[in-house]
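Take a look at the structure set out below.
The structure displayed is predicted, hence computed values, not measured ones. Order of the sequence lines sets the chain letters (A, B, ...), proteins ahead of strands, with each chain counted from 1.
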Number of protein chains: 2
Amino acid sequence: MTTPQRHSWKDIRDRIHARILDRTYRPGDKLPHDEDMAQTLGCSRSTVQRAMQDLSESGLVERRRKGGTHVRPEPVARVTIEIPIIRKEVEDLGQRHGYQLLSRAALPPPAEIATRMELSAHVPCLHVRALHLAQDRPYLYEDRWINLQTAAEIDSVDLCTISANEWLVLNMPYTRCELRFFALAADADLAKALHTSPNTALFAIERTTWIDTQPITTVRTIGAPGYQLSAST
Amino acid sequence: MTTPQRHSWKDIRDRIHARILDRTYRPGDKLPHDEDMAQTLGCSRSTVQRAMQDLSESGLVERRRKGGTHVRPEPVARVTIEIPIIRKEVEDLGQRHGYQLLSRAALPPPAEIATRMELSAHVPCLHVRALHLAQDRPYLYEDRWINLQTAAEIDSVDLCTISANEWLVLNMPYTRCELRFFALAADADLAKALHTSPNTALFAIERTTWIDTQPITTVRTIGAPGYQLSAST
DNA sequence: CAGTGGTCTAGACCACTCA
DNA sequence: GAGTGGTCTAGACCACTGC
């Protein structure tokens, strides 16, 4: 069996965490500074620092130079969501991934898209619509705009063979990413593509990526009925 | 102006990141081990370690003892979502928060809820429905079950004065949290509460929390039309 | 079993920010 | 200005895990 290290930073973190849980340190309270904490707990300051770093990242405490460390008065729930390549997402469910290119056209972006990408409306873009399948059933609809100035190479990629999602993830690393989650009602086209009826409530994710300040792509993915995203701490 | 520290761990991280972006290190490639990296970059091993920790957390590289550090072949998008207290969420939008308790009843949990909480169906629970308002308009509907064995004290709290959301966040710290995001169609009750029409597509979040292995609460929050969740890296 | 990342220590100095 | 967290270093040892 695994013996928990008595003075590992995880152990130190858990001991501090426990003090917060049992109200030794209450919301808003100031914690002893690292040096004292280290002496009390019998470890070096760096170990306390590492523990505090973790507690701070998870939103449990707040640290400020000179201000000290405080238990957050209004804790926030912080969850990390992982969004993999769609093919991998399907395969991880143990299902067979399929893919259909629905349309592909070089077009100037409509105003809404240009705004979303923080891009001038005169830049040439590629508009791609596609459908991802799981076990031959509709899984996710993808409506994507790609900036041809940034990702010029995709113009010569056969998007029937590889999805834009996969090509971009593998070939266009980004430095900034924005996400929005919301619900929308299926219109006629969407309903047809996803084999459902118009007006069905569907889950949508909008993702826009940039490399430095140059927009790469913005995509709206819409899940088939029942699609959901989960996360846990 | 701020001079970027030439050998800070962030600087080291960015220099390694740049090498990944410019394809010096390609997806799947093995990176030099920390010691070499440190020597090459002119810093100590701990600094490389700190940089790598960050790159690893953000999903860009994968590290394994003896295996070494590799650029992830199929990068995942990792985003951290913060979910604050609802009152604070509204106030941060610069709006006035309001709150109405719709119902409150001690009941045994239905099977679906018991399953969600990993709880026996015989444990006494409190069922609470409430509506959060922003500028006196419906903002978020909350349908919550609370385990009265874990959070017994809430039985004597006046939930007209403080929302269950707020009381729980302030008084019941948790050690585990699971989240699901999805879309649903408004039924008659929901439509009425949120001042919308039946069948409207709405965005829902389900959250369940435990302390150690004991379930605390499970809640489904449903946003008024237009509600959305956003995140960025 | 040996290579690699993970952690701990002690000490020094830096950077921010509150009073 | 002084207190507190943030970072860097050098060195040691530990803990996984691939070969």
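When the nucleotides dC8(C), dT9(D), dG18(D) are ranked by their closest atom to the side chain of K66(B), dG18(D) comes out on top. The W9(B) side chain lies nearest to dT7(D) when the options are dC8(C), dT7(C), dT7(D). You'll find that the side chain of K30(A) is closest to dT4(D), out of dG6(D), dG6(C), dT4(D). Side-chain proximity of R63(B) to dC8(D), dG6(C), dA10(C): nearest is dG6(C). Distance from the side chain of R65(B) is smallest to dG5(C) among dT9(C), dG3(D), dG5(C). Side-chain proximity of S44(A) to the nucleotides dT9(C), dG5(C), dG5(D) is greatest for dT9(C). Across dA15(D), dT9(C), dC8(D), the shortest atom-to-atom separation from the side chain of C43(A) is found for dT9(C).
In this structure, the CG atom of L55(B) is 13 Å from the P atom of dG5(C), given to the nearest Å. For the pair D34(B) CG and dT9(D) P, the interatomic distance rounds to 13 Å; values are reported in whole Å. One can place CD of E62(A) at 15 Å from C1' of dT4(D), the figure rounded to the nearest angstrom. Distance CG (D11(A)) to C1' (dC8(C)): 13 Å, rounded to an integer number of Å. Counting to the nearest Å, the C1' atom of dG5(C) and the CZ atom of R50(A) are 13 Å from each other. Between the CE atom of M37(A) and the P atom of dT9(C) there is a distance of 15 Å, rounded to whole Å. Between the NE2 atom of H70(B) and the P atom of dT4(C) there is a distance of 10 Å, rounded to whole Å. Rounding to whole angstrom units, CG of residue L41(A) and P of dC8(C) are separated by 13 Å.
Residue-to-nucleotide proximity on DNA chain C shows that, of S46(B) and T69(B), the 5′-proximal contact is made by T69(B). Mapping R45(A) and G67(A) onto DNA chain C by nearest heavy atom places R45(A) at the nucleotide closer to the 5' end.
Nucleic acid contact class of T47(A) (heavy atoms, under 4.0 Å, all strands): sugar-phosphate only. Within 4.0 Å of E35(A), counting heavy atoms only, lies no atom of the nucleic acid at all. Residue-level contact check: Q53(B) touches neither bases nor backbone, having no heavy atom under 4.0 Å from any strand. Note on R64(A): only backbone sugar-phosphate atoms sit closer than 4.0 angstrom, heavy atoms only; bases stay farther off.
Atom CD of Q39(B) sits in a sparse spot, with 12 or fewer heavy atoms from other residues, nucleotides or ligands closer than 6.0 Å.
Classification of D54(A) and R13(A) as a salt-bridged pair holds, one side-chain N sitting under 4.0 Å from a carboxylate O. For the pair R72(A) and D29(A), the salt-bridge criterion is not met [side-chain N within less than 4.0 Å of a carboxylate O]. A salt bridge links D34(A) to R63(A): one of the charged nitrogens lies within less than 4.0 Å of a carboxylate oxygen.
In terms of modelled atom types and a separation under 3.5 Å, the side chain of Y139(A) and the main chain of Y99(A) share no donor-acceptor contact.
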Would you please test Y227(B) and F182(A) for side chain to side chain contact (heavy atoms under 4.5 Å, CB included) and show each step?
-> CA-CA 7 Å; Y227(B) 185 93; F182(A) 53 97; over 6 Å; no
